[in-house]
Amino acid sequence: MSTFAPITVSRTSSREEREAALHCIYQQILERQPYIFERKILAKAEKDFLTDKIGVRRFIKELALSEVYLNSFFHNSSLYSKKTPPITP
């Protein structure tokens, strides 16, 4: 059984704490760290999160609506992919 310590981010959190939270958010949501070209897409949201302009919920919302997330989990999904032919009775 693995144990982990939950990470808490608040208005008084340091940049290092926010960077650690950012790493965990990416690991949880994307199941990996973003590639360099994906970081360019997420740069504004990431910068706003690290400078405390937006909170965790807003960052996750922006991540979920980004092309990075949509390309990884929505557009290429077999259920929603345009490549799969329609089911005919």
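For Glu17 (side chain) and Ser14 (main-chain N/O), a donor-acceptor pair under 3.5 Å exists by modelled atom type. Listed for the Arg11 side chain is a donor-acceptor partner under 3.5 Å among the backbone atoms of Asp52. A donor-acceptor pair under 3.5 Å is absent between the side-chain atoms of Arg15 and the main chain of Thr51, judged by distance alone.
Annotation: the span from Arg18 atom CZ to Ser10 atom OG amounts to 7.5 Å, rounded to 0.5 Å. With rounding to the nearest 0.5 Å, the separation of OG in Ser72 from CD in Glu67 is 10.0 Å. The CD atom of Glu19 lies 10.0 Å from the CZ atom of Phe49; values are rounded to the nearest 0.5 Å. Taking CG of Leu30 as the reference point, atom CD1 of Ile25 lies at 10.5 Å (rounded to 0.5 Å). Here the CD1 atom belonging to Ile54 is positioned 4.5 Å from the CD atom belonging to Glu62, to the nearest 0.5 angstrom. Rounding to the nearest 0.5 Å gives a distance of 15.0 Å between CG of Leu42 and NZ of Lys47.
Put simply, Phe73 and Ile29 are part of the same group of oily side chains (I, L, V, M, F, W, Y) that touch within less than 4.5 Å, one to the next.
Heavy-atom minimum distance, Ala21 versus Ile7: CB-CG2, 4.0 Å.
Residues passing the side-chain contact (heavy atoms from CB on, under 4.5 Å) test with Glu46 are Leu22, Tyr26, Arg39, Leu50, Phe59, sequence neighbours excluded.
The number of heavy atoms from other shown groups lying within 6.0 Å of CZ (Arg32) is above 12.
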